[in-house]
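This report refers to the structure that appears directly beneath it.
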Protein chains: 2
Amino acid sequence: MLSIPSYYPKQISFPKGQGVFPVNTIYSKSFFKPKSKAETKVIAAKKHSDSERRRRVRINGQYATLRTVLPNLIKMDKASVLAETVRQVRELKKAVAEVEAACRHGDSDECVLPGGVDKLSLEQCDGEQEGLVKATLSCDDRPGLILDITRALSSVKGRVVRAEMVIVGGRSKNVLWIQGLGDGKEGMVALRRALKVVIDRPIFAGLSKRFYLPQ
Amino acid sequence: MLSIPSYYPKQISFPKGQGVFPVNTIYSKSFFKPKSKAETKVIAAKKHSDSERRRRVRINGQYATLRTVLPNLIKMDKASVLAETVRQVRELKKAVAEVEAACRHGDSDECVLPGGVDKLSLEQCDGEQEGLVKATLSCDDRPGLILDITRALSSVKGRVVRAEMVIVGGRSKNVLWIQGLGDGKEGMVALRRALKVVIDRPIFAGLSKRFYLPQ
DNA sequence: CCTTACACGTGAGTC
DNA sequence: TGACTCACGTGTAAG
């Protein structure tokens, strides 16, 4: 047991390193509870310093894990560890933002890769030629999909002036630029109806979802 | 000016908050340098405590910026700030890794998107069915590319059991799984020669590089 | 009351 | 020798 010489103990020789203290470090279990004022004060002080040490261990433990999770943080003092962490976090956030921006052109609708849910959207392309419509169509890939799309397009007025098709992981995304649909709404409505049929058509039974080259 | 009552000052009433101390806090400029032992000790102590306070300000400043750069860190004690930082940093690193892995399947050769340079590679697929060959072919997209590929494949033994095609930004990447090429090298050589012709064929003059739907 | 979190000054160690 | 970083125990205020 340590005897506390005064209210200002010059030095209490702890093992200097951190370490879990044994459970028999009991604060308030003196026999028959004498509870002199001075004694309770000493006990409270010990309890206080103990909890403060636990807090320090907690904080320093987090410093240690932080040093492992980020590079070049070992052999750095606490302030520098935090500063470097801030710097690297900013870098990581920028990297994530850049790479997300690379996958989508502004909107999530503009992702170049096929989405996981079927979707059909028509969009008037102003700024370029008059009457240009961009149709975007996402669905499961299947044998004959291109043929179905071609048939649907031949059923409406207008012609395809450009097409981009992406097939990956069994999903297909097709972007079609169509000109000459007509001035009114009828052309758009007809196009939407025709492409909706393509999306909603079930995969031909008995065939896998693989995409086969057209023969 | 503060008078230091003893070696163990009970309380020095600082403004309690941080704050830059005025420059006129001078340590060693007593007139004619009396330099009693006790005095130098007090001065050194003050210098020490001052620099220690500066260190604390530095660390706490980094905590503050860390709280601003990451969300949900305000109103958290230091240990939790560090713990949350570790968690979010791990999340960010995972996000970066995932998004990098999404763009390439391990090797840069395995990028699902078409590369910028023409390339043809054949690869024996062991582990699955016997005699499965994976052919990867990157080139500019062009009208009739699929037809050219189909013709090239019909000129060799074996049949296509699976195909994935990506066309984006005028570039085309095609991955073909071919079975039944034969046991020897001849099949592979013939396949490579046939596909090389497809890649090296120039785009038909007078047409744009756009990809048109097959009619 | 009790617990918790922080700032403080100080002793000790390192370069 | 300083200039520094850290751990420590304590004072103090908030819940």
Side-chain angles (χ1 to χ4, degrees), chain A residues 2-21 25-29 33 35 37-64 66-67 73-85, chain B residues 2-21 25-29 33 35 37-64 66-67 73-85:
Chain A
L2 287 168
S3 68
I4 312 293
S6 83
Y7 188 61
Y8 290 111
K10 286 191 102 68
Q11 196 62 14
I12 304 181
S13 63
F14 282 127
K16 183 68 181 176
Q18 75 288 8
V20 181
F21 273 54
T25 307
I26 303 169
Y27 302 118
S28 54
K29 274 193 188 163
K33 337 190 166 188
K35 264 196 174 175
K37 287 261 183 183
E39 196 176 350
T40 50
K41 217 166 184 180
V42 172
I43 291 172
K46 175 144 181 58
K47 188 150 66 170
H48 183 32
S49 73
D50 273 13
S51 81
E52 178 64 13
R53 177 165 38 250
R54 261 176 273 128
R55 171 176 170 271
R56 278 194 298 264
V57 167
R58 219 176 329 134
I59 292 179
N60 288 334
Q62 297 300 339
Y63 272 104
L66 197 55
R67 273 183 244 255
L73 256 56
I74 30 181
K75 297 284 180 188
M76 265 193 181
D77 59 287
K78 296 187 177 182
S80 309
V81 165
L82 296 182
E84 254 296 295
T85 300
Chain B
L2 288 168
S3 67
I4 312 291
S6 84
Y7 189 61
Y8 289 112
K10 285 189 102 68
Q11 196 60 15
I12 304 180
S13 62
F14 282 127
K16 183 66 181 177
Q18 73 289 8
V20 183
F21 272 55
T25 307
I26 303 170
Y27 302 117
S28 52
K29 274 195 187 162
K33 338 190 166 187
K35 264 197 175 174
K37 286 263 181 182
E39 196 176 352
T40 52
K41 218 167 184 180
V42 171
I43 290 172
K46 176 141 183 59
K47 187 150 65 171
H48 183 29
S49 73
D50 273 13
S51 83
E52 179 65 12
R53 178 165 35 253
R54 261 177 275 128
R55 172 176 168 270
R56 278 193 298 265
V57 167
R58 217 175 332 134
I59 293 180
N60 289 333
Q62 297 300 340
Y63 272 104
L66 197 54
R67 273 183 243 256
L73 256 56
I74 30 183
K75 297 284 179 188
M76 266 193 181
D77 58 288
K78 296 187 178 182
S80 308
V81 165
L82 295 182
E84 254 296 296
T85 300

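In what follows, chains carry the letters A, B, and so on, assigned in the order in which the sequence lines appear, proteins first and then strands, with residues in each chain numbered from 1. Note that the structure is predicted; figures quoted are calculated from it, not measured.
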Round to a whole Å and report the spacing from CG of A/Asp50 to P of D/dT10. 10 Å
Is there a side-chain polar atom (N or O) of A/Arg54 under 4.0 Å from OP1 or OP2 of C/dA5? no
Go through D/dC8, D/dC6, C/dA7 for me and flag the one nearest to the B/Arg56 side chain. C/dA7
When you measure from the side chain of B/Lys47, which nucleotide among D/dT5, D/dA3, C/dA5 comes out closest? D/dA3
Identify the heavy atoms of A/Ala83 and B/Gln62 that sit nearest to each other, and give their distance. CA-OE1, 3.4 Å
Is a salt bridge present between A/Asp50 and A/Lys47, judged by a nitrogen-to-oxygen distance below 4.0 Å? no
C/dC8 P sits how many Å from B/Arg58 CZ, rounded? 14 Å
Gap between atoms CD1 and P, on B/Ile43 and D/dT1 respectively (whole Å): 14 Å
So how far is it from A/Glu52 CD to A/His48 NE2, rounded to the nearest 0.5 Å? 6.0 Å
Roughly how many Å is it from NE2 in B/His48 to C1' in D/dG2, rounded to a whole number? 12 Å
Indicate yes or no: at least one non-hydrogen side-chain atom of A/Leu73 is less than 4.5 angstrom from one of A/Tyr63. no
Considering only heavy atoms from C-beta outward, does the side chain of A/Val81 approach that of A/Lys75 to under 4.5 Å? no
Distance-minimising heavy-atom pair for A/Thr85 and B/Leu66: CG2-CD1, 4.1 Å
For DNA chain C, the residues among residues 74-84 of chain B that have a non-hydrogen atom under 4.0 Å from it: B/Asp77, B/Lys78
A side-chain contact here means heavy atoms from C-beta on lying under 4.5 Å apart; do B/Arg55 and A/Asp77 qualify? no
Nearest of D/dT10, C/dA12, C/dC8 to any side-chain atom of A/Ala45? D/dT10
Looking only at the side chain of B/Arg53 (C-beta and beyond, no hydrogens), which of the listed nucleotides D/dA7, C/dC8, D/dT5 gets closest? C/dC8
Can you tell me how far P of D/dG2 sits from NZ of B/Lys41, to the nearest Å? 15 Å
Has B/Asn60 got a side-chain N or O lying under 4.0 Å from the OP1 or OP2 atom of C/dC6? no
Kindly say whether, by distance alone, the side chain of A/Glu52 makes a donor-acceptor pair under 3.5 Å with the base of C/dC6? yes
With respect to the phosphate group of D/dA3, does any side-chain polar atom (N or O) of B/Arg55 fall under 4.0 Å of OP1 or OP2? no
